[in-house]
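Encoded as structure tokens, the structure appears first; notes follow it.
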Amino acid sequence: MIREPLIFEISDKGKRAFRLPKLDVPFRKDLLSGYPVREEVEGFPQVSEVEVVRHFTRLSQTNYAVDIGFYPLGSCTMKYNPKVNDRAASLEGFTAAHPLAPAELVQGCLEVLKRTEEYLCEIAGMDAFTLQPAAGAHGELLGLMLIRARLTEKGNPRRTVLIPDSAHGTNPSSAHISGYQVRVINSDQNGRIDLADLDRAMTDEVAALMVTNPNTLGVFETDIKKIAGLVHSRGGFLYMDGANLNALTGISRPGDMDVDVIHINLHKTFSTPHGGGGPGSGPVGVKKVLEPYLPCPVVGRKDGRFVLEGDRPKSIGRVHSFHGNFLVVVKALAYILTLGPEGLREMAEVAVLNSNYIRRSLEGLYHLKYETPTLHECVFSDKLQKEHGVANIDIAKRLIDYGVHPPTMSFPLIVPGALMIEPTETEPRRDLDLFIQAMTSIAREAAENPELLKSAPHTSFVRRLDETAAARNPVLKWTGSVKPPQAR
Amino acid sequence: MIREPLIFEISDKGKRAFRLPKLDVPFRKDLLSGYPVREEVEGFPQVSEVEVVRHFTRLSQTNYAVDIGFYPLGSCTMKYNPKVNDRAASLEGFTAAHPLAPAELVQGCLEVLKRTEEYLCEIAGMDAFTLQPAAGAHGELLGLMLIRARLTEKGNPRRTVLIPDSAHGTNPSSAHISGYQVRVINSDQNGRIDLADLDRAMTDEVAALMVTNPNTLGVFETDIKKIAGLVHSRGGFLYMDGANLNALTGISRPGDMDVDVIHINLHKTFSTPHGGGGPGSGPVGVKKVLEPYLPCPVVGRKDGRFVLEGDRPKSIGRVHSFHGNFLVVVKALAYILTLGPEGLREMAEVAVLNSNYIRRSLEGLYHLKYETPTLHECVFSDKLQKEHGVANIDIAKRLIDYGVHPPTMSFPLIVPGALMIEPTETEPRRDLDLFIQAMTSIAREAAENPELLKSAPHTSFVRRLDETAAARNPVLKWTGSVKPPQAR
Amino acid sequence: MSYISLSDRDKKEMLERIGVSSLEDLFRSVPDQVKLKRKLDLPPALTEPELLAWMGEMAGRNAYGGFLSFLGGGAYRHIIPVAVDHLSSRGEFVTPYTPYQPEISQGTLQVIFEFQTLVCQLAGMDVANASLYDGATASAEAVLMSNRLNNRTKILVARSLHPHYRRAIQTYTRNLGLELVEVGFTESGRLDAAGLKAKLDDRTAAVVCQSPNYFGVVEDFETIFGLAHGHQALSVAVVAEALSLGILEAPGRQGADIVAGEAQSFGLPLGFGGPYLGFMACAQGSVRQLPGRLAGLTSDLEGQRGFVLTLSTREQHIRREKATSNICTNQAWCALRATIFLETLGHDGLREMACQNIQKAHYALEQLTAVPGVKARFSGRPFNEFVLERPRKWAEADAALRKQNILAGVALEHDYPELKGCILVNVTEMHRREDIDRLAGALREALR
Amino acid sequence: MSYISLSDRDKKEMLERIGVSSLEDLFRSVPDQVKLKRKLDLPPALTEPELLAWMGEMAGRNAYGGFLSFLGGGAYRHIIPVAVDHLSSRGEFVTPYTPYQPEISQGTLQVIFEFQTLVCQLAGMDVANASLYDGATASAEAVLMSNRLNNRTKILVARSLHPHYRRAIQTYTRNLGLELVEVGFTESGRLDAAGLKAKLDDRTAAVVCQSPNYFGVVEDFETIFGLAHGHQALSVAVVAEALSLGILEAPGRQGADIVAGEAQSFGLPLGFGGPYLGFMACAQGSVRQLPGRLAGLTSDLEGQRGFVLTLSTREQHIRREKATSNICTNQAWCALRATIFLETLGHDGLREMACQNIQKAHYALEQLTAVPGVKARFSGRPFNEFVLERPRKWAEADAALRKQNILAGVALEHDYPELKGCILVNVTEMHRREDIDRLAGALREALR
Ligand SMILES: Cc1ncc(COP(=O)(O)O)c(C=O)c1O
Ligand SMILES: Cc1ncc(COP(=O)(O)O)c(C=O)c1O
């Protein structure tokens with residue numbers, strides 16, 4: 001097995017992977033003298049085309065991916081990404097459209113945006129959507145900015161945002177960046193928001209409660225209407241993190257739960273690929289009262305045409321250079337159009353079916369802190385395995401040997417040693433069963449041979465990597481002194 | 001590691017990967033009753049889209065390929081296949097062109113064909129080319145048919161085709177299928193055609209000599225003009241197998257060697273990808289005297305337009321449904337246009353440089369039956385390793401462990417235990433050196449630990465496969481009784 | 001761009017290691033007499049953007065997109081699911097050679113094995129090969145195979161076999177002492193069974209018949225092959241429109257001994273005629289005479305399942321002049337595309353597609369023959385093609401259609417003088433009802 | 001098509017295993033009160049061919065291909081080598097999540113590591129992150145980072161910074177007690193150094209300046225950043241046209257403390273504005289305040305080299321409200337494309353491309369200002385964009401150009417009332433000489 005070198009390690013002068021057409025205007029030699037020109041880009045690589053192609057082909061093969069197998073990473077909704085959506089997004093009429101072109105010349109793009117907004121309104125039960133946010137966290141930030149703008153206009157932006165202890169890390173972080181303090185709300189023994197704690201915390205200095213529903217345990221917040229009532233009665237707004245919308249499409253709509261603002265992850269619920277970390281798209285939906293504050297420009301309809309409204313007096317401004325991750329939106333729209341109303345409902349139903357199938361099959365083998373019914377995901381923990389000195393990370397790494405991507409472990413914080421499993425609706429039965437078998441074997445191995453797990457993975461391209469060492473002495477780029485890899 | 005099942009093993013009723021648009025004409029239920037309709041296609045699979053995508057993605061990863069690494073398969077010219085050529089061949093104007101469309105409506109396709117013919121004429125020094133043959137062997141067959149047609153017209157098709165003992169297996173096979181007997185010509189002690197044997201064999205019942213130049217040892221037939229003279233003087237034709245043209249572009253032209261007919265492998269010299277076994281393209285070039293016999297239709301120029309000449313009185317007929325592997329031709333033309341005259345020469349030069357670099361580096365470690373200078377490839381053998389009981393196949397399988405594709409072993413027959421190495425011009429120095437290192441290690445391993453080689457490969461997706469068992473009891477398709485794979 | 005990967009330093013050091021002082025020195029074995037003393041007379045090198053611009057221009061000089069075409073005749077426009085392009089373009093499928101090293105070619109080999117299985121299922125046969133060049137050469141190979149199987153030399157070929165396939169059979173057999181005899185067709189467009197009966201004798205090696213035949217008419221294989229078997233002749237079923245196998249009875253169940261044909265319909269674009277996908281299937285007992293590659297099941301050192309090329313003693317690289325065929329490189333990547341296509345459509349999708357073709361062809365036939373002056377030439381049942389007899393005014397009508405960018409069909413006169421004035425009209429699932437109505441309307445208008 | 005993979009039998013058996021009798025039962029925890037009692041009011045499902053037809057129609061309603069466009073302004077049309085599309089579309093790059101499991105994500109991680117290195121080399125900085133959303137948010141993040149680094153609150157922002165970036169900075173900082181002060185530009189189009197000097201004080205957290213700036217003019221970073229450092233303020237260099245880094249001096253060598261910007265030019269299509277590629281680089285000492293992900297080198301159990309995400313204590317999933325940024329999902333796949341783009345072009349190719357942009361911009365400037373009535377607005381040196389002052393007749397001229405499918409540039413009045421009548425013209429290596437001449441000719445004609 002040859003380890004892939006860094007491109008810099010195979011670079012040499014005189015190799016070329018690309019040539020430009022010859023300059024077809026008169027060459028002015030003197031021209032550059034007026035510029036702060038650099039002699040060279042030091043260390044910049046120079047290789048041949050076959051080297052580029054092999055480099056990335058081989059690198060790609062060391063990745064696990066949805067296209068390779070089961071990827072039950074909880075909260076991430078790693079569903080199948082239909083290839084036809086990518087094809088749609090690569091149509092030249094979309095890829096070659098300039099974001100500053102006059103609206104009359106980009107009617108197709110504007111219609112895509114407008115329709116997506118309208119369909120998301122219907123799916124989420126909201127009044128208006130903006131597609132500018134480039135990801136979920138971006139949407140959270142924007143959503144809180146909208147709330148703040150409204151409250152500021154009414155006289156007091158308020159000081160605090162309430163966030164359940166089970167929430168994703170971006171929630172408190174977004175609250176902080178939008179200028180708020182965070183007050184954590186406890187979960188009750190069922191894994192739901194502790195209403196008493198909420199009641200205590202919900203003062204008139206609270207701008208909003210950020211709720212995730214179903215929450216990160218996969219548990220539906222049954223009292224959502226009551227919660228909304230409480231928050232609203234004290235002048236606050238109800239923000240919903242829509243990362244888990246995959247459990248609800250066609251079943252229940254956040255708008256009908258009296259949610260005021262929601263962000264949706266098109267790269268989760270609406271199947272746009274994650275690309276190894278992005279790009280995503282995190283549209284934000286609002287109720288009427290917040291619509292005037294949406295970022296500009298806003299797509300409007302006028303006389304059967306689509307227009308861009310650049311300046312709305314109350315708009316909070318801009319959170320993106322242009323119109324958001326447009327080509328990602330194309331893919332999500334393609335998905336919505338392909339599924340249709342029945343398909344969107346079936347998607348939620350089967351996502352919940354698959355998750356409950358796994359939950360039921362692993363109950364007993366792994367500890368389930370909350371016995372509450374769950375929807376699209378379930379969170380086990382390593383509590384039983386800890387008795388043998390085995391932690392969730394060891395279970396995770398061992399799963400790699402079985403050809404499966406591990407579940408999420410970094411949260412929810414209320415489940416120590418969490419194993420958060422979200423199968424999504426697209427998974428074949430066979431892959432579900434292979435996962436269940438693997439988890440079953442691992443539970444046995446944890447008792448019988450804990451070392452096997454602690455030294456896992458054994459069959460992957462690299463063995464377990466030392467993350468502590470990486471952070472202790474960070475090497476964040478290649479320099480001549482980085483040691484090349486060894487053949488093994 | 002999960003082994004990839006056969007698609008039939010994961011098929012189940014009710015799964016779907018594709019839906020057709022609804023029938024938009026009136027459905028006539030009775031219609032089918034007039035047809036010999038089948039109830040079902042027994043055993044035919046039924047899976048979901050994610051299952052299809054994963055199936056082929058995972059299968060692909062078990063393949064070695066030029067895009068993965070060094071592929072020095074002698075005689076096969078496994079050079080880098082530029083991605084831009086594939087893009088050109090996927091332009092809708094080409095992919096959607098119908099082969100029976102009126103010539104006025106496919107002027108672009110006809111120009112592509114005509115230009116390719118003309119450029120090949122210049123490169124090979126021939127008078128006319130046909131692009132109908134779908135591969136090299138197809139070209140050989142056609143070439144011999146042309147010779148036969150000419151000889152038949154002159155009164156005697158003759159009986160025999162002469163073929164050197166170093167030739168590729170398709171040569172004798174093509175001769176046989178075109179109705180000729182084969183007389184093998186010996187090689188001399190330099191690996192070249194034995195002129196004395198040729199002189200003996202070249203009677204007036206010999207239709208042609210099929211020569212490969214450089215031959216399959218990589219050796220140039222220095223006496224080619226003399227050979228041509230001999231064959232011509234006795235009324236025969238000189239056929240050249242152009243599979244090794246990669247050594248000669250811009251350096252020397254077969255037409256100038258007095259070759260009468262040549263086939264070229266666009267999938268070798270002109271970089272069109274092999275696709276795991278095809279499609280290729282095996283254009284045939286001829287001198288004027290044979291042009292009237294070319295298969296129809298022939299692309300002509302008339303008043304600045306391109307026309308298809310369907311019926312030429314002496315044409316041998318057809319060897320293809322339409323115009324040959326057109327989209328493959330597009331790729332080859334793209335390659336010729338990209339390289340230009342200088343690039344085509346450089347290509348041959350560096351192919352020969354790389355080959356000689358390997359040859360020089362392995363001399364001594366492996367036996368070289370012929371010491372004659374070689375061009376684009378060189379043929380070692382396992383003679384030294386045989387002393388330790390190690391055969392060329394063991395060396396080949398061990399190379400797999402080093403991440404390299406093995407050389408050709410099945411021929412030339414005159415080198416027992418052959419290891420025929422052709423690096424091509426696109427290989428990076430680093431890959432050449434890794435190969436040389438691997439071969440060097442293997443030579444040592446053969447002496448020190450022959451078992452290691454005989455049980456190789458050790459790191460591949462499957463271990464050494466039993467080809468004898470496969471042939472003894474052939475299972476050539478899936479049936480319910482094929483046993484599914486085991487997880488390991 | 002010559003796509004080389006050596007740096008200047010590499011070149012220098014390598015020449016040194018070899019012990020020569022220049023690249024020229026490496027060619028000393030090429031006599032001066034045959035060396036090219038000048039630069040090749042070719043256009044100067046193009047960069048990638050220039051090349052794409054030029055190719056785009058060429059591609060733009062063909063009729064597509066804006067055109068409404070009803071051309072078929074052995075090359076069919078069908079839906080190609082996006083997954084086919086996506087998966088088949090992976091470098092690991094595009095850039096390997098023939099899987100001579102099975103341990104690092106399991107992907108290609110398993111695909112071939114699945115392809116062979118799918119072809120067997122569709123054709124109703126025991127064994128299928130890994131592909132042949134195309135429909136024409138597959139037909140020719142089937143004829144040669146028949147001769148090898150029974151040593152007889154007379155071949156009866158349906159006149160309704162694709163004319164290019166017939167021509168290829170002629171070309172292939174001319175030098176091999178085989179006698180070709182044509183069998184005509186009746187007013188139904190089907191093979192003339194009486195004529196066949198008259199020509200069949202004990203010297204007959206094979207009867208070669210296509211269904212749906214070149215006129216789009218579905219043949220009565222059972223009767224035809226029954227007659228052939230009466231003389232111990234072999235039955236060769238040719239299928240040029242492989243989609244038909246999704247709904248029509250498998251030739252293997254109608255008595256075919258060899259099924260050969262063209263599977264372009266399975267995921268391959270029109271591509272001006274190639275690369276396409278020849279296929280061939282036969283009975284278990286004939287496998288040693290089958291041309292082309294075969295993938296087979298085996299196991300590795302550790303008992304794991306795996307696939308290899310097998311029965312290669314039939315092939316040229318082992319048997320040389322005694323091989324069953326000279327084929328070496330075949331159409332493997334096209335077979336990959338067909339495999340992805342078929343597995344994506346699945347049983348129900350393929351059947352639905354085939355059914356839609358029949359339904360739409362009938363609708364089109366109805367609409368077009370409702371145009372005054374236009375008649376169906378044959379009474380036999382079409383799959384997705386049919387022959388129309390054109391009224392005299394047609395020549396002008398044709399020009400009028402062409403002006404509207406409509407290609408109504410393939411003119412048959414060149415290949416069938418007896419069908420002067422007839423055209424072959426192809427309708428698939430790609431033609432929307434409005435397309436068919438547009439053709440009918442334009443025709444009506446033009447013939448008024 | 002809902003892309004599910006369960007057969008009917010699977011569903012039945014799974015419900016049984018769970019112990020419920022229907023899919024509905026699985027949603028018992030959702031109160032009836034909030035259940036949707038009707039079908040979603042959305043268009044009926046489309047099949048793949050129908051979807052592509054519809055999308056094709058939408059795509060066709062945009063101006064491209066036939067149009068000759070000189071629009072730039074933060075979104076540039078550059079060559080994208082075919083290899084970029086080919087490699088970046090591999091499923092293994094497209095469909096994984098953020099590489100939280102490094103052992104099975106080495107591909108993504110090594111690509112990020114290479115991307116970080118390339119950005120550092122181009123920007124002349126020590127550390128670069130794995131990407132941010134885009135140029136606007138990268139600029140805003142740079143401002144927030146400055147404030148974190150020195151706890152100062154006054155931000156001097158060049159008026160010649162991309163107006164959308166300025167707007168985003170406003171939006172981001174509004175709630176955080178930061179004061180934004182604008183610094184104007186001179187007749188050269190460059191930052192008003194005198195004005196900067198006047199506004200700089202010891203409360204100044206950072207000076208934010210773009211080069212080439214929104215008017216395409218190359219700034220004198222050295223002078224500007226020298227002034228900033230005089231007050232211990234941080235220098236934030238924004239680069240909206242990353243291609244310029246191929247030839248212009250690295251901001252890091254001109255005194256920048258933070259370099260932030262947009263790298264869309266590196267292999268990303270215009271795509272109506274996204275997804276693009278925000279990037280940020282800084283000095284080693286500031287790395288703990290850097291937002292976004294970082295890949296770092298490490299080794300595995302066996303001592304083999306490998307890559308992991310590192311320093312994640314800066315990030316939201318560990319630090320929650322104390323994180324340097326809330327960013328989680330970034331633009332990783334865009335960074336992959338940029339990496340392939342840059343490695344394909346290589347050192348010489350990138351430099352050549354950048355040089356061609358300068359040369360062509362100059363040629364265009366010459367040709368266009370030779371048109372009677374058309375003047376360059378600024379005297380500063382352009383990279384690949386410049387501002388033209390339009391004569392009065394322009395409005396009609398614009399309409400005339402539009403009729404010829406020419407888009408001459410971005411009108412500046414909306415964002416810069418003081419530049420009423422001016423347009424920003426962008427010229428890249430994609431514009432052929434004849435394109436430029438065509439614009440000049442059409443303009444000459446229209447203004448006659
Ligand atoms: C529950 C939840 N909220 C928010 C986010 C943040 O979304 P993004 O990564 O798109 O910024 C995530 C994604 O990881 C999430 O799982
Ligand atoms: C020397 C030689 N001749 C002929 C051929 C046959 O070419 P093809 O495989 O294209 O039919 C080959 C290819 O293997 C070859 O190497």
Side-chain angles (χ1 to χ4, degrees), chain B residues 17 24-25 36 44 46 56 59-60 62-67 88 91 93 95-99 105 107-109 134-135 137 169 172-174 176 179 220 273 275-280 317-318 321-323 325-327 340-341 343 346 349 357 373 428-429 460 462-463 465 470 475 477-478 485, chain C residues 2 5 10 14 23 29 39-40 45 55 58-59 61-64 71 87 90-92 94-96 98 103-104 106-108 117 133-134 136 167-168 171 175 249 269 271-275 296-298 300-301 305-306 310 316-317 320-321 323 326 328-333 344 346-347 363 433:
Chain B
D24 61 354
V25 301
F44 209 78
Q46 193 75 50
F56 288 96
L59 280 176
S60 78
T62 64
N63 272 355
Y64 193 87
V66 171
D67 278 7
L91 290 169
T95 59
H98 195 285
L105 298 182
Q107 286 292 304
C109 292
S173 180
S174 299
H176 175 70
F220 193 85
R318 275 188 179 271
S321 299
F322 298 107
H323 313 289
N325 284 341
F326 173 76
L327 296 176
E346 186 181 32
E349 286 173 344
Y357 177 69
R429 168 81 177 280
S460 53
V462 286
R463 298 292 307 277
L465 288 157
V475 178
K477 68 174 182 196
W478 175 85
Chain C
S2 61
S5 298
D10 290 334
M14 289 164 68
L23 289 168
S29 63
K39 216 171 72 171
L40 285 171
M55 284 289 184
M58 286 303 116
R61 289 193 198 152
N62 301 314
Y64 69 100
L71 301 178
L87 294 167
R90 288 178 59 83
E92 298 96 320
V94 175
T95 70
T98 302
E103 292 84 1
I104 46 176
Q106 285 298 295
T108 297
T117 305
Y133 302 136
D134 69 356
R167 193 84 199 266
T171 307
N175 307 323
E249 186 54 282
F272 200 53
L297 190 77
T298 189
D300 74 1
L301 265 184
R305 170 165 109 179
T310 192
Q316 47 73 30
H317 65 285
R320 302 180 77 87
E321 65 267 31
N326 68 332
C328 177
T329 292
N330 56 23
Q331 307 281 115
W333 186 74
T344 300
H347 184 277
Y363 176 78
R433 181 183 185 150

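Computed from heavy atoms alone, side chains included, the values below leave out hydrogens, waters and symmetry copies. Residue numbering restarts at 1 for every chain, and letters A, B, ... go by the order of the sequence lines.
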Can you tell me which of Lys39(C), Glu103(C), Arg61(C), Arg90(C) forms the most heavy-atom pairs within a distance under 4.5 Å of chain B? Glu103(C)

Which atoms of Arg167(C) approach chain B - backbone, side chain, both or neither, heavy atom under 4.5 Å: both

Counting only non-hydrogen atoms closer than 4.5 Å, does Phe272(C) touch chain B with its backbone (N, CA, C, O), its side chain (CB onward), both, or neither? both

For Glu346(B), check side chain to side chain donor-acceptor pair (under 3.5 Å) against everything at least two apart and list the hits. Ser2(C), Lys11(C)

Over all heavy atoms of both residues, which pair between Thr298(C) and Ala470(B) is shortest? Give the atoms and the distance, please. CB-CB, 3.8 Å

Examine distances only and state if a side-chain atom of Asn63(B) and a backbone atom of Glu92(C) form a donor-acceptor pair shorter than 3.5 Å. yes

Checking Leu71(C) against chain B: side chain, backbone, both or neither under 4.5 Å from a heavy atom? both

If you compare all heavy atoms of Gly107(C) against all heavy atoms of Thr62(B), which two are closest, and at what distance to 0.1 Å? N-OG1, 2.8 Å

Quick check on the interface: out of Pro373(B), Ala88(B), Ser174(B), who has the most heavy-atom pairs with chain C under 4.5 Å? Ser174(B)

Work out which heavy atom in Ala65(B) is nearest to a heavy atom in Gly91(C); give both atom names and the distance. CB-O, 3.8 Å

Any sub-3.5 Å donor-acceptor pair from Asn326(C)'s side-chain atoms to Ser173(B)'s backbone N or O? no

Looking at Gln46(B), His323(B), His176(B), which one has more heavy-atom pairs under 4.5 Å with chain C than the rest? Gln46(B)

Sequence neighbours left out, what passes side chain to side chain donor-acceptor pair (under 3.5 Å) with Arg305(C)? Give chain and number order. Glu9(B)

Pairs of heavy atoms under 4.5 Å with chain C: top-ranked of Gly179(B), Ala17(B), Ser321(B): Ser321(B)

For the student: nearest non-hydrogen atoms of Gln106(C) and Leu465(B), plus distance: NE2-CD1, 3.2 Å

Pro269(C) and Thr95(B) have their tightest heavy-atom pair at CB-O, 3.6 Å

Working to the nearest 0.5 Å, report the span between CD1 of Ile104(C) and OG of Ser460(B). 8.0 Å

Heavy atoms of Trp478(B) and Thr117(C) approach each other most closely as N-OG1, 2.9 Å

Interchain contact, Leu23(C) with chain B, by part (heavy-atom threshold 4.5 Å): side chain

Can you tell if the side chain of Leu91(B) reaches within under 4.5 Å of the side chain of Met58(C), non-hydrogen atoms only? no

Proximity breakdown for Thr310(C) and chain B, heavy-atom pairs closer than 4.5 Å: side chain

Looking at chain B, which one of Thr98(C), Thr108(C), Asn175(C) has the largest number of heavy-atom pairs inside 4.5 Å, strictly under? Asn175(C)

Among the options Ala96(B), Gly317(B), Ala135(B), Cys109(B), pick out the one with the most heavy-atom pairs lying under 4.5 Å from chain C. Cys109(B)

Pick from Gly280(B), Gly276(B), Pro36(B), Ala137(B): which one has the most heavy-atom pairs with chain C under 4.5 Å? Gly276(B)

Are Pro96(C) and Tyr64(B) packed together at the side-chain level, in the sense that at least one heavy-atom pair is separated by less than 4.5 angstrom? no

